[in-house]
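Nothing here was measured: the structure is a model prediction, and the numbers come from that model.
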Amino acid sequence: MTSPPYAPAPADVQRVLLLSHTGLISGAERALLDLVCHLPPTVQAMVLAPEGPLSTLLRERGIRSLEVQGTAASLRLHPTQTPKGVMELVSSAVELRTAAFRTRSHVVHANSLRAGIIAVIARAIGGPRVITHIHDALPHDHVAHAVAALLARGSSALIAVSQFARARFLEAAGGDYPVTVLPNPVDLDRFTGPSRDRPALRRELRLPPTAPVIGVIGQITPWKGQHTAIAALATLRASAPDARLLIVGETKFVSPSTRYDNLRYERELRALISHFGLEDAVEFWGEREDIPSILCALDALLVPSDGEPLGRSVLEAMASGTPV
């Protein structure tokens with residue numbers, strides 16, 4: 001066994017492993033980055049995540065991390081992908097338990113429901129206590145019920161990002177378990193800092209100076225509702241023919257085990273744009289790190305999501321003073 005990457009620490013210091021089941025970045029992973037960058041000196045943190053954009057950002061910010069297999073498994077049953085996902089969960093749990101031993105960690109902060117499953121399995125084979133962070137609005141089905149019940153009984157603490165996420169979790173778990181609601185914070189300085197000179201920002205972003213510009217920010221997936229935003233633009237163009245729509249975000253989760261066929265959904269979006277004749281009015285901007293500037297340049301942010309646990313873009317737009 002190699003020596004632990006932590007040096008000896010005072011007794012009042014808590015060692016925490018923050019577990020991400022994915023190496024991709026969406027709202028939950030950005031919340032994890034915010035959390036680990038603002039922990040007090042009494043907490044020593046290390047992130048476990050699969051190799052990917054998240055681990056790249058962790059290295060850039062000087063945050064200690066270890067690689068774990070993770071999983072792309074979803075709560076949708078599949079004849080081949082579900083058994084594969086179960087194997088990934090168990091394998092990741094063994095890796096987590098080993099990492100916890102090496103780092104002498106006191107607790108695992110599981111940053112998603114799937115990370116929670118990994119951490120609870122690791123707990124059953126001798127791993128540390130588990131705090132499960134609920135960033136999801138669970139669907140209404142038997143698999144969600146089994147997952148919620150497992151996490152409710154196997155976690156030492158449960159955190160939800162909103163009352164809505166808490167209610168959906170408890171409904172799925174089938175019991176009145178203690179769940180603390182802790183909304184994701186927003187760094188106000190980051191969103192009030194950019195210049196409020198909208199014409200200058202629009203020139204910088206190569207947007208028309210006076211045309212109405214609306215946007216959707218989030219991963220490209222059916223429940224985020226980009227199709228609704230495109231239909232809304234088609235209606236808006238009747239009275240504002242130069243209006244434009246920015247679709248900011250990527251088609252991230254494309255594994256066969258993912259609940260939605262997100263690649264097909266993106267193709268459907270492009271077909272819908274063609275149907276409405278909006279090819280010159282809708283732009284796909286992909287994943288961006290300059291969200292504060294984009295929000296300040298927008299006339300309005302659209303959030304047409306179906307079952308949003310806590311819209312990070314909503315909070316960021318409010319911090320920027322952009323109508324939602």
Side-chain angles (χ1 to χ4, degrees), residues 21-31 53 71-82 85 112-114 134-145 147-148 161-162 164-165 167-169 171-172 184 214-236 244-276 278-279 281-288 291 294 298 300-317 324:
H21 76 275
T22 180
L24 301 175
I25 298 178
S26 60
E29 291 69 46
R30 294 199 179 277
T71 182
S74 74
L75 301 185
R76 178 177 64 92
L77 293 178
H78 188 278
T80 59
Q81 295 301 320
T82 297
S112 66
L113 298 180
R114 279 171 281 189
I134 304 163
H135 291 270
D136 307 272
L138 278 168
H140 301 287
D141 58 37
H142 295 300
V143 177
H145 170 71
V147 167
V161 295
S162 66
F164 175 61
R168 288 287 286 267
F169 180 87
E171 183 180 350
N184 290 334
I214 56 180
V216 177
I217 299 176
Q219 60 171 298
I220 295 177
T221 188
W223 68 271
K224 284 291 187 181
Q226 285 89 353
H227 60 285
T228 302
I230 292 168
L233 176 68
T235 300
L236 176 62
R244 306 178 71 83
L245 169 66
L246 308 182
I247 297 179
V248 182
E250 292 179 335
T251 308
K252 299 175 183 290
F253 302 103
V254 297
S255 163
S257 63
T258 303
R259 176 172 289 271
Y260 299 104
D261 187 341
N262 294 323
L263 289 174
R264 183 176 70 181
Y265 179 63
E266 182 178 349
R267 293 193 296 270
E268 291 171 351
L269 293 180
R270 295 183 185 277
L272 187 62
I273 291 167
S274 178
H275 169 76
F276 285 121
L278 297 173
E279 290 90 344
V282 180
E283 298 180 20
F284 288 82
W285 277 26
E287 188 73 10
R288 303 283 294 233
I291 297 300
I294 293 173
L298 293 179
L301 176 76
L302 303 188
V303 188
S305 305
D306 174 18
E308 184 72 62
L310 176 73
R312 183 181 181 90
S313 63
V314 174
L315 304 181
E316 293 173 344
V324 181

Would you tabulate the side-chain donor-acceptor contacts of residues 224-233 under 3.5 Å, counting partners in other chains and residues two or more places apart, or write 'none'?
unit_1	atom_1	unit_2	atom_2	d
K224	NZ	E308	OE1	3.0
K224	NZ	E308	OE2	3.2
Q226	NE2	Q219	O	2.9
H227	ND1	Y265	OH	2.7

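Closest approach of A148 and L138 over heavy atoms only: CB-CD1, 3.8 Å. The heavy-atom pair separating V216 from L301 by the smallest distance is CA-CD1, 4.4 Å. Considering every non-hydrogen atom in both N262 and P222, the closest pair reads OD1-CD, 3.3 Å. Annotation for L245 and G215: closest pair CD1-CA, 4.0 Å, computed over non-hydrogen atoms. Nearest heavy-atom pair, V303 versus V314, reported as atom, atom and distance to 0.1 Å: CG2-CG2, 3.6 Å. For the residue pair F164 and A137, the shortest heavy atom distance occurs at CE2-CB, 3.7 Å.
In this structure, R244 CZ and L236 CG are separated by 12.5 Å, a value rounded to the nearest 0.5 Å. The CD1 atom of I217 sits 8.5 Å away from atom CG of L246, with the distance rounded to the nearest 0.5 Å. To the nearest 0.5 Å, atoms CG (L24) and NZ (K252) are separated by 7.0 Å. Atom-to-atom distance recorded for I247:CD1 and L302:CG is 10.0 Å, nearest 0.5 angstrom. Of the inter-residue distances, the one linking T221 atom OG1 with E266 atom CD reads 11.0 Å to the nearest 0.5 angstrom. For the atom pair L269 CG and H275 NE2, the distance stands at 13.5 Å (nearest 0.5 Å).
Judged purely by distance below 3.5 Å, without hydrogens or angles, the side chains of E316 and S313 never pair a donor atom with an acceptor atom.
Side-chain contact between I25 and R30: present, with at least one pair of heavy atoms (C-beta onward) separated by less than 4.5 Å.
Judged by distance alone, with hydrogens and angles left aside, the side-chain atoms of E29 form a donor-acceptor pair with the main-chain N or O of S26 at under 3.5 Å.
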Criterion side chain to side chain contact (heavy atoms under 4.5 Å, CB included) on V282 and F276, from CA distance to verdict
CA-CA 11 Å; V282 180; F276 285 121; over 6 Å; no

Assess the residue pair R168 and H140 against the criterion (side chain to side chain contact (heavy atoms under 4.5 Å, CB included)); give the C-alpha distance rounded to whole Å, side-chain angles, the decisive distance to 0.1 Å, and a yes or no.
CA-CA 9 Å; R168 288 287 286 267; H140 301 287; 3.7 Å; yes

